[in-house]
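Below is one structure, written out as structure tokens, with a few remarks after it.
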Amino acid sequence: MTTGMGEVTAAGDGPAYRASDWTLEALLSAKGDQRISIVIPAKNEEATVGEVAARIIADLGGLVDEVVVIDSDSTDATAEVARSAGAKVFSAREIRADLGSVPGKGEALWKSQFVTTGDVLVFVDADLIDWGTHFVTGLLGPLLTRDEVRLVKAIYDRPMIDATGREEESGGRVTELVARPWLALHRPELAGLVQPLSGEWAIRRSTFASFEVPVGYGVEIAAVLDTADRFGVDAIAQVDLGLRTHRHHRHDTLGLMAVQVLAAAERRRAAAPGGGSQDASVTLRQYARGPEGFEPRVSEVGVGERPAGVTVGMPAHAERGTRAESR
């Protein structure tokens, strides 16, 4: 697969499209009667979520049909800020309450299927600092212009900024230490994915609705593996968005994320879809020095998976006019 400039863009081959490959006018023409939903999962992101939502609405109102924030039990003003910015806001816990609720990013993305109407879903993290709405147009480009593309992954430079504003190193630690080695060992045909765990990605609604979805941070690697298994590597495109700056997690919290990524990947390698109960978990034991020496820090890490949306009353296409009202 190549762009007009001859760059290879298949996930297994490396180099990517660039966001500048499409103009807003070209995408408006290519969109036709398709609906586009932007989904922003958020938990305690009052400092940034409003600006993310407002910029998308202001710059892309003609292209994007709705901006939806899925609030995951925030204890700050995330919901109020997002609503004031013009987004539709839903509580993850209250969406399809009959199906229960568990914490996690994947849970928020899975629940978004029940309150959006888009034929194309674009997932954008709420904690972005330096970014532009070309993130959205770049991710939409391959889906609106290439019928064979099912999933689009963002790639970008990810500087880590310390408390003084100095760049320490590049981000993507779980990618480099977990996801990329796992792919090299078990799925080398996907070695061309630059950032398999990138938080910005877009997918056809019908495709996402057919996948089982990990409730936590395994959602991104699962979407990659499921798309490749179901539709082939060439169904995944990647787009270079330039620079992405956001807040980074402490290194001792990355173990929880790594467990969820590995759990989702290993489940698919074993050809055993489904994570059992949505509440399935494993015990992670980490250590930190205390008064009596190194003391264990024990965490229960959610590794369950939600069933494919089409199996629990969610249509594989946009069911317009039946979404829940934002609260």
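Just so it is clear, the structure is predicted and the values come from calculations on it, not from any experiment. One-based numbering along the sequence shown.
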Side chain to side chain contact (heavy atoms under 4.5 Å, CB included) partner of V259, chosen from L254, V282, V178: V282
Could I get the full list of salt bridge (charged side-chain N to carboxylate O under 4.0 Å, His left out) partners for [X], not counting sequence neighbours?
X: D59; value: none
X: K111; value: E107
X: D98; value: R96
X: R230; value: none

R93, CZ atom: more than 12 neighbouring heavy atoms under 6.0 Å: no
Are any non-hydrogen side-chain atoms of [X] and [Y] less than 4.5 angstrom apart?
X: T116; Y: R205; value: yes
X: P196; Y: T175; value: yes
X: V298; Y: L284; value: no
X: P142; Y: V239; value: yes
X: F114; Y: L99; value: yes
X: L63; Y: I36; value: yes
X: V69; Y: K88; value: no

Among all residues two or more places apart in sequence or in another chain, which pass the side-chain contact (heavy atoms from CB on, under 4.5 Å) test with [X]?
X: P307; value: W110, T311, V312
X: S84; value: none
X: R289; value: F294
X: S74; value: K43, N44, D71, D76, T78

So, does [X] use its side chain to make a donor-acceptor pair with the main chain of [Y] at under 3.5 Å?
X: Q195; Y: Y156; result: yes
X: T48; Y: A126; result: yes
X: S281; Y: G302; result: no
X: R150; Y: I236; result: no
X: T283; Y: E300; result: no
X: D240; Y: G242; result: yes
X: K153; Y: Q238; result: no
X: S299; Y: V301; result: no

Salt bridge flag under 4.0 Å for residues [X] and [Y]:
X: R187; Y: D229; value: yes
X: K31; Y: D65; value: yes
X: K105; Y: E220; value: yes
X: R268; Y: E305; value: yes
X: R83; Y: E80; value: no

Show the nearest heavy-atom pair for residues [X] and [Y], with the distance to one decimal.
X: A30; Y: Q34; answer: O-NE2, 4.0 Å
X: L225; Y: A265; answer: CD1-CA, 3.9 Å
X: A53; Y: A85; answer: CB-CB, 4.2 Å
X: V67; Y: I56; answer: CG2-CG2, 3.8 Å

Straight-line distance of L109 CG to R306 CZ, nearest 0.5 Å: 12.5 Å
Interatomic distance, W22 atom CH2 to T145 atom OG1 [nearest 0.5 angstrom]: 5.5 Å
Residues forming a side chain to side chain donor-acceptor pair (under 3.5 Å) with R180, sequence neighbours excluded: E176
Any residue meeting side chain to side chain donor-acceptor pair (under 3.5 Å) with S101, in chain and number order, not counting sequence neighbours: none
Residue pair I70, V115: steps toward the side-chain contact (heavy atoms from CB on, under 4.5 Å) verdict: CA-CA 9 Å; I70 306 296; V115 292; 3.9 Å; yes
Cluster link V52 to L140, ILVMFWY, side chain under 4.5 Å: yes
Set of residues satisfying ring-ring contact (aromatic ring centres under 6.0 Å, His included) with respect to F123, sequence neighbours excluded: W201, F208
Pair listing, ring-ring contact (aromatic ring centres under 6.0 Å, His included) test, anchored in residues 175-198, at least two apart: W182-H186
Distance-only side-chain donor-acceptor flag, R297 / Q286, under 3.5 Å: no
